[in-house]
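Heads up: the structure comes next, in structure tokens.
What's counted below: heavy atoms across the whole structure, side chains too, no hydrogens, waters or symmetry copies. Below, read A as the first sequence line, B as the second, and so on, with proteins coming before strands; counting in each chain starts at 1.
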2 protein chains.
Amino acid sequence: MLRLAYKSLPICFMRFVALTFIMLSKKCKYAIHALVHLAEKYNQGPVQIQEISDKKHIPKKFLEAILLELRHAKILQSKKGKGGGYYLYRKPEEVNLVEVIRLMDGALAMLPCVSIHYYEHCEECRNEKTCGIRDSFIDVRDETLRILSRSTLAQITKRERQLAESAKPRK
Amino acid sequence: MLRLAYKSLPICFMRFVALTFIMLSKKCKYAIHALVHLAEKYNQGPVQIQEISDKKHIPKKFLEAILLELRHAKILQSKKGKGGGYYLYRKPEEVNLVEVIRLMDGALAMLPCVSIHYYEHCEECRNEKTCGIRDSFIDVRDETLRILSRSTLAQITKRERQLAESAKPRK
DNA sequence: TTAAAGTCTATAAATTCAATAGAGTTTATA
DNA sequence: TATAAACTCTATTGAATTTATAGACTTTAA
């Protein structure tokens, strides 16, 4: 994720460094927003890429590729030809953020050596058994998984309706 | 963080894509490992860059820049000239992973719109007040902060000693 | 005075991210 | 059955970031 946050540091190559954040990629954010849009339109027929692109301000060509990937993962289904478009392949309750993030960005863990799906041996610690750093990141991973697996498209759209309701001016 | 995990996908530009993970950068991992090493040698005089580089398998020149940055953040102190090196500026109890990660990689939050230190308005959701996506990521952020702020260098080295002890063969 | 060790500026190579171009295929419907 | 709408797929590009290296400079102990 690119984001310019200028730091004044004496080291040349770090002086006007754009801080990279440990954040979701744009691709992943786009995917989530597109899915939420489709969840709102669940059971209302196919939605065109152009509509999602317009509503969520996502570059159309980039969105095409993202939706295609979601279709291959059997999260979305599409209908080709005139009157076609994309729609959810499963119920909104059955799609959670863990699956979407893993598909788009890969591991949820902050270190490869604590990742469940993308595990990789850590170069720096000689002995994983006695590495005191891993524990904290295992805890973070588990909490993240717990929270994001509860966040389904159904839960998100429900929450949006609640927030919209409470934001309305009272009679 | 670069890591090659090949996916077989029909889309050309995503076929042999190297999955990017939402992970700590190498720079940040190196920083943590270097700090743990210095915490182990707390109050034992300056430790040379070369020693840390050798022990933790970190490229020396890269490590130099990292240690310098940690010194500017008043986490480390250095001694120049012969017999010089780096040592902790504060007690190991007073350096936690939140500070180190924020310094090296920036925000801990997974989305700019839920970040405390690097907040940025979200382009995709028109109205932040009624966005149903933010809540989950606020929860993740808070749990991550809670866990990593408890992870101090003192806690990590203590844990390493415990693990080393329990890994020993019984008499 | 000299060797050891950190400081600093500059640059390079590899990789990733985000986006775009354009031809091809499928389908509803006039 | 022709046509326009809409998804599918391959390919490529440009910019930015990450990681690493080169080399001159400064400080200090002995």
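Distance alone, capped at 3.5 Å, places no donor-acceptor pair between the B:Ser53 side chain and the B:Ile49 backbone.
For residues 127-143 of chain A, the pairs satisfying side-chain hydrogen bond (donor to acceptor under 3.5 Å, both in side chains) are A:Tyr119-A:Glu128, A:Asp135-B:Arg159, A:Ser136-B:Ser151, A:Glu143-A:Arg146, with sequence neighbours left out. For residues 89-101 of chain B, every residue pair satisfying the salt bridge (Lys or Arg N to Asp or Glu O under 4.0 Å) rule, not counting sequence neighbours, is listed here: B:Arg90-B:Glu99.
Protein atom CG of A:Leu63 is 15 Å distant from nucleotide atom P of D:dA6, rounded to whole Å. The NE2-P distance, from A:His57 to C:dA18, rounds to 19 Å in whole Å. One atom, CZ of B:Phe62, and another, P of C:dA14, lie 16 Å apart when rounded to the nearest Å. Going from atom CE of A:Met104 over to atom P of C:dT16 covers 17 Å, rounded to whole Å. Across the protein-nucleic acid pair, B:Gln77 atom CD and D:dT28 atom P stand 12 Å apart, rounded to whole Å. A straight line from CD of B:Glu69 to P of C:dC8 spans 12 Å, rounded to a whole angstrom. In this structure, NZ of A:Lys26 is placed 15 Å from C1' of D:dT17, rounded to the nearest angstrom. What separates CE of B:Met23 from P of C:dT15 is a distance of 18 Å, to the nearest Å.
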Let me check something: any side-chain donor-acceptor pairs from residues 78-85 of chain A under 3.5 Å, sequence neighbours excluded? List them with distances.
none

Using a 3.5 Å cut-off and no angle test, enumerate the donor-acceptor pairs between side-chain atoms of residues 35-42 of chain B and protein atoms at least two apart in sequence or in another chain.
from, atom 1, to, atom 2, distance (Å)
B:His37, NE2, B:Glu51, OE2, 3.0
B:Lys41, NZ, B:Glu51, OE2, 3.3

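Neither OP1 nor OP2 of C:dA18 sits under 4.0 Å from any side-chain N or O of A:Tyr30.
Partners of B:Phe137 according to the ring pair (Phe, Tyr, Trp, His ring centres under 6.0 Å) rule, which considers only residues two or more places apart in sequence or in another chain, do not exist here.
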Where along nucleotides 2-7 of chain C does protein come under 4.0 Å, by heavy atom, of base (B) or sugar-phosphate alone (S), with - for untouched nucleotides? --BBSB

